[in-house]
Amino acid sequence: IKENQTTITEFILLGFEHPPELWIPLFLLFFFVYIMTLAGNMTIVALVVTDRSLQTSMYIFLGNLSFLEMCYTSTILPRMLANIFQDSSISYVGCATQMYFLLFLGSAECILLAVMAYDRYMAIFNPLQYLIHMNRRVCLSFSLLSVVGGNLVSLVQTIWVFTLPFCASNKIDYFFCDIPPLIKLSCINTSMFEIQLLSATVLVIVIPFILILVSYILIISSILAKTSDEGRWKTFSTCSSHIMVVILYYGTSSFIYIKPQYIFSEDKGKMLALIYTTITPMLNPAIYSIRNKEVQRALRKMMGNWKKNCMGTNVHMMA
């Protein structure tokens with residue numbers, strides 16, 4: 001077994017089947033998605049860093065989320081763009097590296113989404129003490145928690161997967177190096193590893209989701225207790241963006257790692273994975289910007305400053 005394992009120096013990512021006439025349209029589509037994802041999330045990060053009014057816990061966590069999304073998408077999409085033109089090989093070390101960063105960034109995002117739900121809970125239930133309890137030191141601690149937690153989970157999972165002997169094949173029926181398609185290539189019984197994977201999934205996905213659910217049950221009970229419809233709507237609007245992101249992210253990723261194998265085909269599983277790895281990161285900046293007046297105000301201010309600087313530069317050059 002050990003000899004068979006050492007013969008694999010690279011993997012082949014089969015991805016999605018597509019005829020040559022679709023290569024350029026697909027490349028342009030996903031290149032557009034990648035650029036929009038980077039531009040949108042980079043704008044959110046820049047706003048949080050440069051605008052003092054956004055340097056509260058809610059927006060600091062949002063900036064962290066956007067940074068994670070940029071890194072997460074950059075781990076997948078450049079490789080996907082190359083795969084479109086049939087350059088589907090990835091080295092053994094490259095596959096392990098990609099898996100590590102995907103698990104690290106994805107796990108960190110799950111923890112961070114739970115932290116953001118707790119932040120909204122504190123803002124609604126204890127608004128007078130909110131800025132005291134959710135100060136910068138607390139924000140830093142929670143951010144480090146998501147990074148350290150995500151790193152530990154990813155490190156254990158990646159090491160465990162790549163100690164398996166891969167002797168069945170080197171063809172991964174997926175568009176990136178992920179745990180479920182990779183363990184199928186092992187020539188030993190992986191039932192114990194699958195139990196361990198389920199335990200890690202519960203730790204990273206299920207427990208944070210339960211914490212989010214509990215937070216919003218308490219938040220909704222507080223909203224319903226308010227006397228005016230205006231008060232209910234104003235309170236709910238502060239949480240609506242986060243709820244939409246949670247639904248998009250958990251609604252797709254949970255099906256990949258938790259669902260029984262017989263529920264839907266592997267092709268449908270790939271489509272769900274495509275949504276939460278590429279589409280969701282692109283939509284997140286828009287979700288948080290469209291209904292958030294503070295973000296819109298900061299964006300208009302940044303655009304205004306940019307225009308002034310450009311005009312000042314042009315006047316100076318003409319002079």
Side-chain angles (χ1 to χ4, degrees), residues 11-49 62-91 93-110 112-113 150 154 172-178 181 241 244-253 256 267-290 295 299 302-303 306:
F11 293 98
I12 305 297
L13 296 169
L14 298 180
F16 297 93
E17 293 184 4
H18 51 274
E21 56 265 25
L22 291 180
W23 287 359
I24 293 179
L26 285 174
F27 179 87
L28 294 175
L29 173 63
F30 286 110
F31 183 73
F32 173 77
V33 169
Y34 185 44
I35 295 300
M36 291 300 293
T37 302
L38 290 182
N41 285 288
M42 199 176 295
T43 299
I44 295 292
V45 172
L47 290 176
V48 173
V49 171
L62 175 58
N64 289 341
L65 179 67
S66 293
F67 181 75
L68 290 176
E69 295 280 34
M70 281 194 298
C71 297
Y72 189 83
T73 304
S74 296
T75 308
I76 295 178
L77 270 174
R79 181 72 257 175
M80 274 185 61
L81 292 173
N83 290 354
I84 289 173
F85 293 101
Q86 305 301 302
D87 181 17
S88 56
S89 63
I90 184 170
S91 68
V93 173
C95 189
T97 303
Q98 185 185 56
M99 177 182 286
Y100 166 76
F101 280 106
L102 285 173
L103 294 177
F104 165 43
L105 296 166
S107 300
E109 185 167 338
C110 286
L112 188 61
L113 287 172
S154 175
I172 303 174
D173 190 14
Y174 223 56
F175 59 96
F176 62 91
C177 292
D178 201 10
S241 298
M244 292 175 65
V245 170
V246 168
I247 292 172
L248 277 173
Y249 188 78
Y250 279 95
T252 51
S253 61
I256 302 299
D267 287 339
K268 291 181 179 178
K270 290 180 190 177
M271 290 303 299
L272 284 174
L274 187 66
I275 291 172
Y276 85 82
T277 56
T278 59
I279 305 302
T280 301
M282 181 183 69
L283 294 178
N284 282 355
I287 291 172
Y288 275 102
S289 301
I290 289 174
V295 173
L299 183 59
M302 185 176 72
M303 293 297 293
W306 180 75

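Just so it is clear, the structure is predicted and the values come from calculations on it, not from any experiment.
Between the Gln98 side chain and the Ile76 main chain, no donor and acceptor come within less than 3.5 Å of each other. Without hydrogens or angle criteria, Thr280 side chain to Ile275 main chain gives a donor-acceptor distance under 3.5 Å. Under the 3.5 Å distance criterion, the side-chain polar atoms of Ser154 are left unmatched by any main-chain donor or acceptor of Gly150. Of the possible polar contacts, none joining the Ser88 side chain to the Ile12 backbone as a donor-acceptor pair under 3.5 Å is found.
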Return a table of donor-acceptor pairs under 3.5 angstrom between the side chains of residues 100-110 and protein atoms on other chains or two or more places apart.
| residue | atom | partner | partner atom | Å |
| --- | --- | --- | --- | --- |
| Tyr100 | OH | Asn151 | OD1 | 2.2 |
| Ser107 | OG | Leu103 | O | 2.7 |

Listing, residues 30-38 side-chain donor-acceptor contacts under 3.5 Å, not counting sequence neighbours, or none:
| residue | atom | partner | partner atom | Å |
| --- | --- | --- | --- | --- |
| Tyr34 | OH | Ser74 | OG | 2.9 |
| Thr37 | OG1 | Val33 | O | 2.7 |

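Proximity of Thr73 to Asn41: side-chain heavy atoms (C-beta onward) are nowhere separated by under 4.5 Å. When side chains are defined from C-beta on, Pro285 does not count as touching Thr43, because their heavy atoms never get closer than 4.5 Å. Side-chain contact between Asp173 and Lys270 is present, with at least one heavy-atom pair separated by less than 4.5 Å. Looking at heavy atoms from C-beta onward, Ile172 lies in side-chain contact with Cys95 at the 4.5 angstrom threshold.
Nearest approach of Tyr288 to Leu65, heavy atoms of both residues: CE1-CD2, 4.1 Å. A pairwise comparison of heavy atoms in Ser66 and Ile44 identifies OG-CG2, 3.2 Å as the closest pair. Here the closest non-hydrogen pair linking Ala273 and Thr277 is O-OG1, 2.6 Å.
For the atom pair Leu13 CG and Phe176 CZ, the distance stands at 10.0 Å (nearest 0.5 Å). How far CH2 of Trp23 is from CG of Leu28: 14.5 Å, rounded to the nearest 0.5 Å. Atoms CG and CE, from Leu274 and Met80 in turn, are 5.0 Å apart once rounded to the nearest 0.5 Å.
The aromatic rings of Tyr276 and Tyr249 lie perpendicular to each other, with more than 60° between the two planes, well past the 30° mark.
Listed by chain and number, the residues in a side chain to side chain contact (heavy atoms under 4.5 Å, CB included) with Leu29 amount to none (sequence neighbours excluded). Scanning for side chain to side chain contact (heavy atoms under 4.5 Å, CB included) contacts around Val93 gives Ser91, Thr97, with sequence neighbours left out. By the ring pair (Phe, Tyr, Trp, His ring centres under 6.0 Å) test, Phe11 pairs with Tyr92, Phe166, sequence neighbours left out.
Of the N and O atoms on the side chains of Glu69 and Asn284, at least one donor lies less than 3.5 Å from an acceptor on the other residue.
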